[in-house]
Number of protein chains: 2
Amino acid sequence: MTVSDHMLQEAVDKLKSSGVRITPQRHAVLEFLLNAETHPTADDIYKALEGKFPNMSVATVYNNLRVFREIGLVRELTYGDSSSRFDCNTSKHYHIICESCGKIVDFHYPSLDEVESLAEQITGFDVSHHRMEVYGVCHECKKDKKQIV
Amino acid sequence: MTVSDHMLQEAVDKLKSSGVRITPQRHAVLEFLLNAETHPTADDIYKALEGKFPNMSVATVYNNLRVFREIGLVRELTYGDSSSRFDCNTSKHYHIICESCGKIVDFHYPSLDEVESLAEQITGFDVSHHRMEVYGVCHECKKDKKQIV
DNA sequence: ACACTAATTATAAGAATTACAAAGTAATAA
DNA sequence: TTATTACTTTGTAATTCTTATAATTAGTGT
């Protein structure tokens, strides 16, 4: 709450300065994303806000996520599963994903700037960013497997 | 053609030893993937083989891609765009993606084994692999942008 | 060639996302 | 304040990608 309050204000300011109106629904989606420990799907967000906004449409969630993405407030992540996930934490970090239960955990590692600059040299692209995920089996799923065997 | 002939034979052998039948459609999908310079979508493959197999179903393409993936012959790549892409080149390499035109280019870089082992230590996962993509704007799109301005 | 089983086909179903038009609401100016 | 304008939300339909199903077809080993 406390950490996010500052970030929330910053995000709201960024929206305002981009000429985006702050509606209650928009604010709620943004707040939810900032406080989210996980990396929710659009449907996760929709379900989470159902209580506060019984009449909110799924389209609103998608609309706002698109606005946030275009401004650079959130990043859209696509993994193997069918739906996109949205991540508000713009501070550099990476993800490790459990191949068994789908859980996504953050982990920190020095940013791979060297890779970016080399890629730039080799390919002639103007590099903007990169993404990386590590895949494996989490502790809980390891235990479960052992119990089955 | 020449390079792929050997790889095609290897792939076919791998399928056979896994108890998978070699049908003309399956062979064609495999051959197309091995010769593909790009990273085609299922629909790309379907359209490319329409001439040879006018009666082939899209389901066949998906079925075969799933079989290939399960055996480890191809890797499924999910980027921001809606459909999955399939990559036959199992040799370790990374991708750089143009944010303007969507082009995907391979580039080689020493595998980031250090990241994997560190992630394993930090998170307690059993790590199996990782993925990384660099994003930017390709040479052609840079030129186009300049022309517009 | 036969029998067994897997693969293909065509189509329907499912899920995620987007498009659209109507109604609502915030910001701005008169 | 009121009117106007442009942006948002809402509800629903449409679209797209992918998977499921059932009937038919076709590989493969003997």
Side-chain angles (χ1 to χ4, degrees), chain A residues 11-32 39-71 73-86 102, chain B residues 11-32 39-71 73-86 102:
Chain A
V12 167
D13 290 345
K14 190 163 186 179
L15 283 172
K16 278 185 182 168
S17 69
S18 304
V20 176
R21 291 181 187 163
I22 312 298
T23 65
Q25 296 91 332
R26 184 163 285 164
H27 192 276
V29 172
L30 188 59
E31 189 176 11
F32 179 81
H39 307 284
T41 64
D43 198 57
D44 290 338
I45 301 169
Y46 175 64
K47 286 208 171 66
L49 301 179
E50 236 174 7
K52 252 189 209 166
F53 299 91
N55 295 325
M56 187 167 65
S57 167
V58 202
T60 301
V61 177
Y62 280 103
N63 285 340
N64 287 321
L65 288 172
R66 178 168 38 75
V67 170
F68 298 161
R69 172 162 44 83
E70 283 169 359
I71 293 183
L73 276 179
V74 311
R75 185 163 292 181
E76 183 172 356
L77 305 170
T78 56
Y79 301 117
D81 53 352
S82 45
S83 37
S84 289
R85 292 165 178 283
F86 297 86
Chain B
V12 167
D13 290 345
K14 190 163 185 177
L15 284 172
K16 278 185 182 169
S17 69
S18 303
V20 176
R21 291 182 187 165
I22 313 299
T23 67
Q25 295 92 332
R26 184 163 284 162
H27 192 276
V29 172
L30 189 59
E31 188 176 11
F32 179 81
H39 305 285
T41 64
D43 198 56
D44 291 337
I45 301 170
Y46 176 63
K47 286 207 171 64
L49 301 181
E50 236 174 8
K52 250 189 211 166
F53 299 91
N55 294 325
M56 188 168 64
S57 168
V58 203
T60 300
V61 176
Y62 279 102
N63 285 340
N64 287 320
L65 289 172
R66 178 168 38 75
V67 170
F68 297 161
R69 171 164 45 83
E70 284 169 358
I71 293 185
L73 277 177
V74 311
R75 184 165 292 180
E76 184 171 355
L77 307 169
T78 57
Y79 302 120
D81 54 350
S82 45
S83 37
S84 289
R85 293 168 178 282
F86 296 87

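Residue numbers begin at 1 in each chain, while the letters A, B, ... track the order of the sequences.
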Notebook entry, point to check: About how many Å separate OH of B:Y79 and CZ of B:R85, when rounded to the nearest 0.5 Å?
Noted result: 8.0 Å
Notebook entry, point to check: What integer distance in Å separates B:R21:CZ from C:dA3:P?
Noted result: 16 Å
Notebook entry, point to check: Which is the 5'-most and which the 3'-most nucleotide of DNA chain D that has an atom under 4.0 Å from a heavy atom of chain A?
Noted result: D:dA6 to D:dG11
Margin query: Does A:T41 reach a base, just sugar-phosphate, or nothing at all? Heavy atoms under 4.0 Å.
Written below: nothing
Next item on the list: State whether the side chain of B:R26 and the backbone N or O of B:R21 hold a donor-acceptor pair below 3.5 Å, judged by distance alone.
Entry: yes
Item checked: Separation of atom CG in B:L65 from atom P in C:dT8, rounded to whole Å -> 11 Å
Notebook entry, point to check: Given side chains that start at C-beta, do those of A:Y46 and A:T60 come closer than 4.5 Å, heavy atoms only?
Noted result: no
Check: Hey, what do you get for CG (B:N55) to CD (B:E50), rounding to the nearest 0.5 Å?
Finding: 10.5 Å
Checklist line | Whole angstrom value for the distance that separates P of C:dT18 from CG of A:N64 | finding: 13 Å
Next item on the list: Hey, which sits more toward the 5' end of DNA chain D by its nearest nucleotide, A:V67 or B:R66?
Entry: A:V67
Next item on the list: Taking only heavy atoms on the protein side, list every residue of residues 51-59 of chain B lying under 4.0 Å from any atom of DNA chain C, sorted numerically.
Entry: B:N55, B:M56, B:S57, B:A59
Checklist line | Length of the CD-P vector between B:Q25 and C:dT8, whole Å | finding: 5 Å
Next item on the list: For B:Y62 and C:dA10, give me the distance from atom OH to atom P, rounded to whole Å.
Entry: 17 Å
Notebook entry, point to check: Counting any heavy atom closer than 4.0 Å, what does B:I22 reach on the DNA or RNA strands: base, sugar-phosphate only, or nothing?
Noted result: sugar-phosphate
Check: Just to confirm, is there a sub-4.0 Å distance from OP1 or OP2 of C:dA26 to any side-chain nitrogen or oxygen of A:T23?
Finding: no
Check: In a check of side-chain hydrogen bond (donor to acceptor under 3.5 Å, both in side chains) between B:S84 and each of B:E76, B:H39, B:R69, which one passes?
Finding: B:E76
Check: So what does A:P24 hit on the nucleic acid, given a heavy-atom distance under 4.0 Å: a base, only sugar-phosphate, or nothing?
Finding: nothing
Next item on the list: Tell me which nucleotide among C:dT17, C:dA7, C:dA26 gets nearest to the side chain of A:S83.
Entry: C:dT17
Next item on the list: Rounded off to whole Å, could you give me the CZ-to-P distance for the A:R69 and C:dT17 pair?
Entry: 11 Å
Item checked: Interatomic spacing from CG in A:L30 to NZ in A:K14 - rounded to 0.5 Å -> 11.5 Å
Next item on the list: Quick one: closest heavy-atom pair of A:L65 and A:A42, and the distance?
Entry: CD1-CB, 4.0 Å
Note to self: Please give me the minimum heavy-atom distance between A:P24 and A:F53, naming the atom from each residue.
What the structure shows: O-CZ, 3.6 Å
Note to self: Please report the distance, rounded to the nearest Å, between NE2 in A:H27 and P in C:dA26.
What the structure shows: 14 Å
Notebook entry, point to check: Can A:T41 and A:D44 be counted as having a side-chain donor-acceptor contact under 3.5 angstrom?
Noted result: yes
Checklist line | For atom CZ of A:R26 and atom C1' of C:dA27, their distance in whole Å | finding: 14 Å
